Protein chains: 2
Amino acid sequence: MPPDSRTTSPTRPMRADARRNYDRILAVAAEAIAEHGAEASLEEIARRADVGSATLHRHFPSRQRLLEAVFRDKVEALCATAADLAADPDPGQALATWLGAVARHAVSNRGLAASLMRGAHDGDPTLGATCHTMITNAGADLLARACRANAARPDVSIADLLKLVNAICLAVEREPDGAAQADRLLTLALTGVHPAGGTAGRKM
Amino acid sequence: MPPDSRTTSPTRPMRADARRNYDRILAVAAEAIAEHGAEASLEEIARRADVGSATLHRHFPSRQRLLEAVFRDKVEALCATAADLAADPDPGQALATWLGAVARHAVSNRGLAASLMRGAHDGDPTLGATCHTMITNAGADLLARACRANAARPDVSIADLLKLVNAICLAVEREPDGAAQADRLLTLALTGVHPAGGTAGRKM
DNA sequence: CCAGAACCGGAGTGCCACCCCAGTTAGGTG
DNA sequence: CACCTAACTGGGGTGGCACTCCGGTTCTGG
């Protein structure tokens, strides 16, 4: 979605210079976030993009907006992956594979997990389709299929599953071997701690 | 452990006024952290404790030190719980129960999860027994027992397990129904997504 | 009671997010 | 082409933060 359209469409296209600045900020922001994570300094992004800080704040009124813009294409890629996997003959593995892909994206793109997490319910109704809802919708389908194939418990929600994945990624994001750890923890979470499919409950 | 002793003990006890300030800062910090989480403003804590910011920084050279001091007794309680549970006839459930207790503490004491997480490897060798290592040691025993009883996979480490719990708590900490969510996610992670203990692997 | 060590806190530094407003520029119109 | 206006810009201001320096104050042992 180009940045010049609002949810109510009849808006004039951006002026050429404005769009130039917008694009430059976005490119620089991607670098900075990859380097310093979701808490990268906005001031420095503006500086590196040769732009006043006011300009950055005008184009992206909140940090969350900037993150969403930076990660939009990654999120779209994940949604596309989900669509592909919807045709997989093994719905259970398709779901697991997709969650693994989400995790891999999240650890290799610092800040993505934080962005998806924060976007959950930050109450910005002006933003129609946030990355968070896009991902949720994409995953809901895979989970439903896995459920029907009896490969997932019916009482688990896609929101919970994604929260789990994002939590893991957020936690290991700053560690050197983050990818390996994320993979290990995700596998653990999906298969449980019991050795060979025991079904012991938990008492509190 | 009283704050006037270092790992090498021959240190004079704190002066009375210094200890007074130390205690007041700690009390105020506990409130502030409960209210605003681990990122509470140190400046405001100093202000509320009627103390110059320099005094706060002298007593607690880093945010992590302050967090550790605030949560020390909670962590000791968890370690005691672990010791009790070591006698439980069902090692698998004992482990699960303890992890649940850790989670409950972490969601009801904002900042605890962050503190335990950050303490993992922040390279502060001057601090002998951090909360992180205390918890890890306490849990290692429970996990070893569960392992011996074939109630936990042998390839799972206590570090991973705690990382998982803390990640979950960190993620749901700011949500209104955090406790319920944490419990649900923890159960999910411990038992896996498969309906009745299936053992399907994951392909990436 | 008094010397000196321990301790205190205000003022200073440098970073940050975010806002205001006077000046500049793009781009449609005559 | 020149011009006019709305859109856009960015320097500088505000307020908050973590953290440090240093002259002054307060404990405490002898």
Side-chain angles (χ1 to χ4, degrees), chain A residues 2-6 10-29 32-33 35-70 111 114-115 118 122 124 126, chain B residues 2-6 10-29 32-33 35-70 111 114-115 118 122 124 126:
Chain A
D4 54 56
S5 64
R6 305 236 205 306
T11 314
R12 300 223 272 119
M14 272 176 120
R15 240 172 62 173
D17 54 345
R19 162 164 285 281
R20 222 176 0 242
N21 279 338
Y22 182 98
D23 290 341
R24 202 139 31 92
I25 290 172
L26 212 51
V28 169
I33 289 172
E35 195 171 339
H36 299 112
E39 305 301 318
S41 158
L42 301 182
E43 200 96 354
E44 175 156 337
I45 290 173
R47 226 176 293 133
R48 280 211 255 173
D50 264 315
V51 147
S53 62
T55 300
L56 186 148
H57 285 283
R58 200 174 319 111
H59 282 304
F60 306 98
S62 74
R63 182 180 293 272
Q64 183 60 22
R65 291 287 194 94
L66 178 58
L67 290 173
E68 301 247 344
V70 166
S115 169
R118 228 174 303 187
D122 259 14
D124 195 338
T126 71
Chain B
D4 55 55
S5 64
R6 305 237 205 304
T11 313
R12 309 243 316 283
M14 272 178 119
R15 239 172 61 175
D17 55 344
R19 160 166 286 281
R20 221 173 3 237
N21 279 339
Y22 183 97
D23 290 342
R24 216 177 25 230
I25 290 171
L26 212 52
V28 168
I33 290 172
E35 195 171 339
H36 298 112
E39 304 303 318
S41 158
L42 300 182
E43 200 96 355
E44 174 157 336
I45 290 173
R47 228 175 293 133
R48 281 211 253 173
D50 264 314
V51 147
S53 62
T55 299
L56 186 148
H57 281 99
R58 200 173 318 110
H59 282 303
F60 305 99
S62 74
R63 180 180 294 271
Q64 183 60 23
R65 290 288 193 92
L66 179 58
L67 290 173
E68 300 247 344
V70 166
S115 168
R118 226 176 303 188
D122 259 15
D124 194 338
T126 71

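Order of the sequence lines fixes the chain letters, A, B, ..., with proteins taken first and strands second; residue numbering starts at 1 for each chain. A quick note: this is a predicted structure, and the numbers were derived from the prediction, not measured.
- Although no hydrogens or angles enter the test, the distance criterion places no donor-acceptor pair under 3.5 Å between the side chain of A:Arg63 and the main chain of A:Leu42.
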Inset, instruction - Let me have a per-nucleotide readout for nucleotides 16-28 of chain D, 5' to 3', with B, S or -, counting only protein heavy atoms under 4.0 Å. - result: -SBBBB----BBS
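- Scanning for ring pair (Phe, Tyr, Trp, His ring centres under 6.0 Å) contacts around B:His59 gives B:Tyr22, with sequence neighbours left out.
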What does the list of N/O pairs under 3.5 Å between the protein and nucleotides 1-3 of chain C look like, with a distance for each?
none

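- With rounding to whole Å, B:Tyr22 atom OH is found 17 Å from C:dA6 atom C1'.
- Atom CG of A:Leu56 and atom P of D:dG12 are 19 Å apart (whole Å).
- Atom P of nucleotide D:dC8 and atom CG of A:Asp23 are separated by 14 Å, given to the nearest angstrom.
- Interatomic distance, OG of A:Ser62 versus CG of A:Leu66, reported as 8.5 Å (0.5 Å rounding).
- One atom, NE2 of A:His36, and another, P of C:dA17, lie 12 Å apart when rounded to the nearest Å.
- Between A:Ile33 and A:Gly111, the shortest heavy-atom distance links the atoms CG2-CA, 4.5 Å.
- Taken from CE in A:Met14 to CZ in A:Arg20, the straight-line distance is 11.5 Å, to the nearest 0.5 Å.
- In this entry the distance linking CG of A:Leu66 with C1' of C:dA17 reads 13 Å, nearest Å.
- When the P atom of C:dA17 is taken as reference, atom CZ of A:Arg65 falls 18 Å away, rounded to whole Å.
- Closest heavy-atom contact between B:Ile25 and B:Val51: CD1-CG1, 4.0 Å.
- With B:Arg24 contributing its side chain and B:Ala49 its backbone, the two residues share a donor-acceptor pair below 3.5 Å.
- A salt bridge links B:Glu44 to B:Arg48: at least one charged side-chain nitrogen sits closer than 4.0 Å to a carboxylate oxygen.
- Summarising the geometry, atom CG belonging to A:Leu26 is positioned 12.0 Å from atom CG belonging to A:Asn21; distances are rounded to the nearest 0.5 Å.
- OP1 or OP2 of C:dC8 has at least one side-chain nitrogen or oxygen of B:Asn21 nearer than 4.0 Å.
- The interatomic distance linking A:Phe60 (CZ) with D:dT9 (P) rounds to 11 Å, in whole Å.
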